[in-house]
Number of protein chains: 2
Amino acid sequence: MAPRAASKTAESSDKVSVICRALRRAIIEQALEPGAKLPEDSLGERFGVSRTIARHALGQLAAEGLIELRRNRIAVVATPSWQDARDAFDVRIQLERLVVRHLAGKLTKAQIAELNAHVDAEDRARGGSDPVSIRLATEFHILLAHMTNSPILIRYVSEIAYRCCLTLSLFSRPHSSECAINEHRAIIAALVRGDEEKVMSLMHSHLDSVAGRALVTPVPQRGRDLLDILAPYAEEAEGGRVVKLPKAARGR
Amino acid sequence: MAPRAASKTAESSDKVSVICRALRRAIIEQALEPGAKLPEDSLGERFGVSRTIARHALGQLAAEGLIELRRNRIAVVATPSWQDARDAFDVRIQLERLVVRHLAGKLTKAQIAELNAHVDAEDRARGGSDPVSIRLATEFHILLAHMTNSPILIRYVSEIAYRCCLTLSLFSRPHSSECAINEHRAIIAALVRGDEEKVMSLMHSHLDSVAGRALVTPVPQRGRDLLDILAPYAEEAEGGRVVKLPKAARGR
DNA sequence: GCTCATCAAAGTGCATGCAATTCGTGCGCA
DNA sequence: TGCGCACGAATTGCATGCACTTTGATGAGC
């Protein structure tokens, strides 16, 4: 009768996890750039909750390494160093290796369809400039992880994929996504064939090609207002129910 | 000037992280068994903080998978399934593999000394019944991870090592530690020689021997009072300063 | 013009209070 | 004796309030 938890590692109460999800999306779609400030009140205001809840959400995201929390200081979106990035990719390759081992030759028809559908979606959202395409590229890997049915693997791959994605927004050029899409298709094909070694090498070069072509660029840093930036994410969060915005504390 | 953060992944404010550390220790030393209830007020009372802080700490530990949080329900120490355990060990082996690759043949004299000192400490605390020896065995692996200087690796290995340790308290017999100690010594030796492959196989069989000899035993479940159980951990937490205990709400 | 002290505004750290939910126990009834 | 039900105690969910810290802007002194 118990629905076999599987996902949902922590994500305690609903409101907190809603905010976490929204902020994660905002970060990986680069609406929130590294270094962006996240004051508790503003978040609370935007999502229609008190500071307590916003604070809790920030704590969770900090545990995932997506934001940085320093005592008595405003939380900011994490700004990983280049060294951090290399570390992350190293670990990520090992983890994805495990995913591949779980999955090679064992995909069900439904799963194959789901993967293809996802890549089709990536195709539709093509164009490196579209923030959605960045997110989808990352979520392809997360989708693969989910198919292992291994909660730990799911959590770690998700977390590290998000972090890598964050890194990219710091170091990489606009993210040439057609390349990634083709590589994703090749990976699916090899997985279906059960050609584990092929998938491994594909995955390796795939991740490396993303990480490798990174070049250090100064952060663009457009400084929009946080309430504006988060508006679409807050809307989607509660299924379209636009949260209250009593005082239009615009232009902080 | 900035001291190059490096460690400290999340662990926001001091009080929260103190409680987290104390609970982690209590859990891996099996003072808190899987399924043990952790009401917010009791924790707050024991550590001399309000529910707010205790709650935040529980959130962090839930993110690490050490405790389980369900809406409107008392937090409990996680009770990993056997399947979870296998998953954890799979991932762990990959992660430790990375650690070994970082470290093989690259250990400094100081690091070698530190490792030997640690194993000596394990030796001293010998005896599977001593909860400290269990903790030290786990912390050997965490110590190795720390030597990689890779924040991500440190965090993941620590986390998963704790979780594996937790699993053991559910499924394993008392944990025959002399064996583990010898294996630890062998691993150090091979690491020093730079014999990467040897370390790998040692590590693999080491972890496997720990996981493999697990047998499903019904949880013992002694039901002591939470305040009693946590007393020593709360003391150590704040450097010996015993926290206030205004109302002796004994024998809940 | 530049540096440094001072102070208000903004923000976090934490405790407390109230509403809502769950848990456990005793009672009624079969 | 066994089973269901209902009510009170225990506990969580969340917002709010106050104290303390940081920030950054203003003005005095050099």
Side-chain angles (χ1 to χ4, degrees), chain A residues 2 10-20 23 35-62 67-77 223 225-227 230 237-238 243-252, chain B residues 1-2 8 10-20 23 35-62 67-77 223 225-227 230 237-238 243-252:
Chain A
E11 303 295 80
S12 56
S13 57
D14 252 8
K15 295 195 183 177
V16 170
S17 62
V18 164
I19 297 179
C20 281
L23 286 182
K37 293 180 181 175
L38 302 169
E40 295 171 0
D41 332 318
S42 307
L43 290 176
E45 184 182 339
R46 175 44 88 199
F47 290 98
V49 299
S50 76
R51 278 204 311 122
T52 308
I53 305 305
R55 182 185 185 73
H56 205 87
L58 288 175
Q60 296 296 309
L61 292 173
I67 72 173
E68 278 162 21
L69 237 38
R70 274 152 54 213
R71 189 178 174 88
N72 280 319
R73 290 230 172 36
I74 301 180
V76 295
V77 176
D225 184 70
L226 181 64
L227 287 175
L230 285 180
E238 202 76 32
V243 295
K244 69 164 189 266
L245 249 187
K247 37 183 163 180
R250 183 55 44 79
R252 50 185 308 268
Chain B
M1 205 51 17
K8 280 227 142 203
E11 302 297 81
S12 56
S13 57
D14 251 8
K15 295 196 183 177
V16 171
S17 61
V18 164
I19 297 179
C20 281
L23 287 183
K37 292 181 182 177
L38 302 169
E40 295 173 359
D41 338 317
S42 306
L43 291 177
E45 184 182 341
R46 175 45 87 200
F47 291 97
V49 299
S50 77
R51 278 205 311 122
T52 308
I53 305 305
R55 183 185 185 72
H56 206 87
L58 288 175
Q60 297 296 309
L61 291 173
I67 72 173
E68 277 162 21
L69 237 38
R70 272 153 55 214
R71 190 178 174 86
N72 280 320
R73 290 235 173 31
I74 301 180
V76 295
V77 176
D225 183 69
L226 181 64
L227 287 175
L230 285 180
E238 201 79 31
V243 294
K244 69 165 191 264
L245 252 185
K247 36 185 165 180
R250 183 56 46 79
R252 51 183 307 268

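For the pair B:Glu40 CD and C:dT21 P, the interatomic distance rounds to 17 Å; values are reported in whole Å. Taking atom CD1 on A:Ile19 and atom P on D:dC14, their separation rounds to 10 Å, with Å as the unit. Atoms CG (B:Asp14) and C1' (D:dT21) sit 15 Å apart, rounded to a whole Å. In this structure, CG of A:Asp41 is placed 15 Å from C1' of C:dC14, rounded to the nearest angstrom. Taking atom CG on A:Leu38 and atom C1' on C:dA10, their separation rounds to 16 Å, with Å as the unit. Whole-Å rounding puts the A:Arg71 CZ to C:dG11 C1' distance at 13 Å. Counting to the nearest Å, the P atom of C:dA10 and the CD atom of A:Glu45 are 13 Å from each other. Summarising the geometry, the separation between CD on B:Glu68 and C1' on D:dT12 is reported as 17 Å, rounded to the nearest angstrom.
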Write down the protein N/O and nucleotide N/O pairs, taken from nucleotides 6-8 of chain D, whose separation is under 3.5 Å; answer none if there are no such pairs.
none

Once base and sugar-phosphate atoms are separated, protein heavy atoms under 4.0 Å mark nucleotides 15-20 of chain D, 5' to 3', with B, S and - as BBB---
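When all heavy atoms are compared, the tightest approach of A:Lys15 to A:Val49 is CD-CG1, 3.8 Å. Considering all non-hydrogen atoms of both residues, B:Leu58 and B:Ala75 come closest at CD1-CB, 4.0 Å. Between A:Gly44 and A:Ala54, the shortest heavy-atom contact is N-CB, 3.9 Å.
Dashed line: the shortest gap from a side-chain N or O of B:Lys37 to OP1 or OP2 of C:dG24 is under 4.0 Å. Between A:Arg55 and C:dT12 there is no side-chain polar atom (N or O) within less than 4.0 angstrom of OP1 or OP2.
Distance CD1/A:Ile74 to CG/A:Leu69: 11.5 Å, rounded to 0.5 Å. Between the NE2 atom in A:His56 and the SG atom in A:Cys20 there is a gap of 8.0 Å [rounded to 0.5 Å].
Scanning for side chain to side chain donor-acceptor pair (under 3.5 Å) contacts around B:Glu40 gives B:Arg51, B:Arg55, with sequence neighbours left out. Under the side chain to side chain contact (heavy atoms under 4.5 Å, CB included) criterion, A:Val77 pairs with A:Ile27, A:Leu32, A:Ala36, A:Leu38, A:Leu166, sequence neighbours left out.
Between B:Leu43 and B:Leu23 the shortest side-chain heavy-atom distance falls below 4.5 Å.
Residue-to-nucleotide proximity on DNA chain D shows that, of B:Arg73 and A:Arg70, the 5′-proximal contact is made by B:Arg73.
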